[in-house]
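What you see below is based on every heavy atom in this structure, not just the backbone, and it leaves out hydrogens, waters and symmetry mates.
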Amino acid sequence: MAAPGAGAPPEETLSLWKREQARLKARVVDWDTEAWQRNPDFSGLQRVGGVDVSFVKGDSVNACASLVVLSYPELKVVYEECRMVNLKAPYVSGFLAFREVPFLAEAVQRLQEKEPSLMPQVLLVDGNGVLHQRGFGVACHLGILTDLPCVGVAKKLLQVDGLEKSDQHKEKVRCLRAAGATFPLVGDSGTILGMALKSHDRSINPLYVSVGHKISLETAVHLTHACCRFRIPEPVRQADIRSREYIRRNQGLPGAPALGQERTLKAQWQEVCPPGGSAEPTDKGRPPEHLGPGPGADPDAPTQAPRDSEAETGPVGVGPREGPCAICE
DNA sequence: GCGACAG
DNA sequence: ATCTTGTCGC
């Protein structure tokens, strides 16, 4: 029940994962540690990274992990890496990092080895930071593993610690006027876990920003907003666009699984975690082999129209009622 | 049966 | 995450 549609990890594994999260959580730094973070215009900030993982259609194992680095404030892609990976763990809400973070951390590691001068000064991560069941989402996890400042940027509200998509929440969302408008996400404990951010004038659904590592919530929100040309901040959006594109080009090429012949995650999970047996940690790292971006992979190719899919804008004829809001006075 | 469910 | 067309708007 923990992972609908896929093989669920044994309770024992979840227990180990929780312990690991608790151990690493102690290292999270939730304030500004970098000089550029203190400057109102972020002067000194030159490179912002984004990461994402996209999937092959009917396959929960094969995916493309991508890391991009954009110049700031121009928001032009100056580095890109896409790589096909075999996910080892199923998706379980609250444990996303155990599925994706190993490959993201490896991508950062390869960048460090190949082009250290392009190392981003901060990473925007698709998912939550401290806004999480145990206060340690994927953005925190990646931050600790890489020691880079990280920001959690989620597209949906993770309903934890009393946070819910209640009518009151929806009311607050409707009250967000111009891009940049926010409201705090306060947990039962009274702690501010993150901020809802209207990232674009024409978007209705806000982003849910939270601290990952080495950055304050205020700076995280300001930075996220500063990186938005559309609803999704450019670093994450470019990582997403490029990883999907990479998958499209890789489909049908040697190495890609034949249709209907994919290994299911459930099957793979059974290998790693036999029902009743002890699993052995086997392989470590692959040889750094490049299936480098072919000749037609210009980073700057504006093949993408200035329009985003998704709910960049609300339904035209059925917009939420404008007018006085009881909550935002 | 119903709601929850980051990606 | 993914399945998917048109449509409105700058």
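Across A/Asp126, A/Leu123, A/Asp240, a single residue satisfies side-chain contact (heavy atoms from CB on, under 4.5 Å) together with A/Val51, and that is A/Leu123.
Comparing C/dG6 with B/dG1, their C1' atoms sit 35 Å apart, to the nearest whole Å.
Neither OP1 nor OP2 of B/dA4 sits under 4.0 Å from any side-chain N or O of A/Lys165. Phosphate proximity of B/dA6 to A/Tyr91: present, with a side-chain N or O under 4.0 Å from OP1 or OP2. Put simply, A/Lys156 has no side-chain N or O that comes within less than 4.0 Å of OP1 or OP2 on B/dC5. Residue A/Arg202 places none of its side-chain N or O atoms closer than 4.0 Å to OP1 or OP2 of C/dC10.
Which of B/dA6, C/dC3, B/dA4 sits closest to the side chain of A/Gln159 comes down to B/dA4.
Distance CG (A/Asp59) to P (C/dT2): 12 Å, rounded to an integer number of Å. For the pair A/Phe103 CZ and B/dG7 C1', the interatomic distance rounds to 14 Å; values are reported in whole Å.
Scanning DNA chain C for stems, defined as runs of 3 or more consecutive Watson-Crick or G-U wobble pairs whose donor-acceptor distances all fall under 3.5 Å, gives no such range.
Counting any heavy atom pair closer than 4.0 Å across all strands shown, A/Asp126 reaches sugar-phosphate atoms only and no base atom. Here A/Val138 lies in heavy-atom contact (under 4.0 Å) with a base. Within the nucleic acid shown, A/Phe98 has no heavy atom closer than 4.0 Å to any nucleic acid atom. Using a 4.0 Å heavy-atom criterion, one finds that A/Gly152 contacts no nucleic acid atom at all.
In this structure, A/Glu245 does not pair ionically with A/Arg242, as no charged nitrogen and carboxylate oxygen lie closer than 4.0 Å.
A/Asp52 and A/Ser66 are not linked by any side-chain donor-acceptor pair at a separation below 3.5 angstrom, with hydrogens and angles left out of the test.
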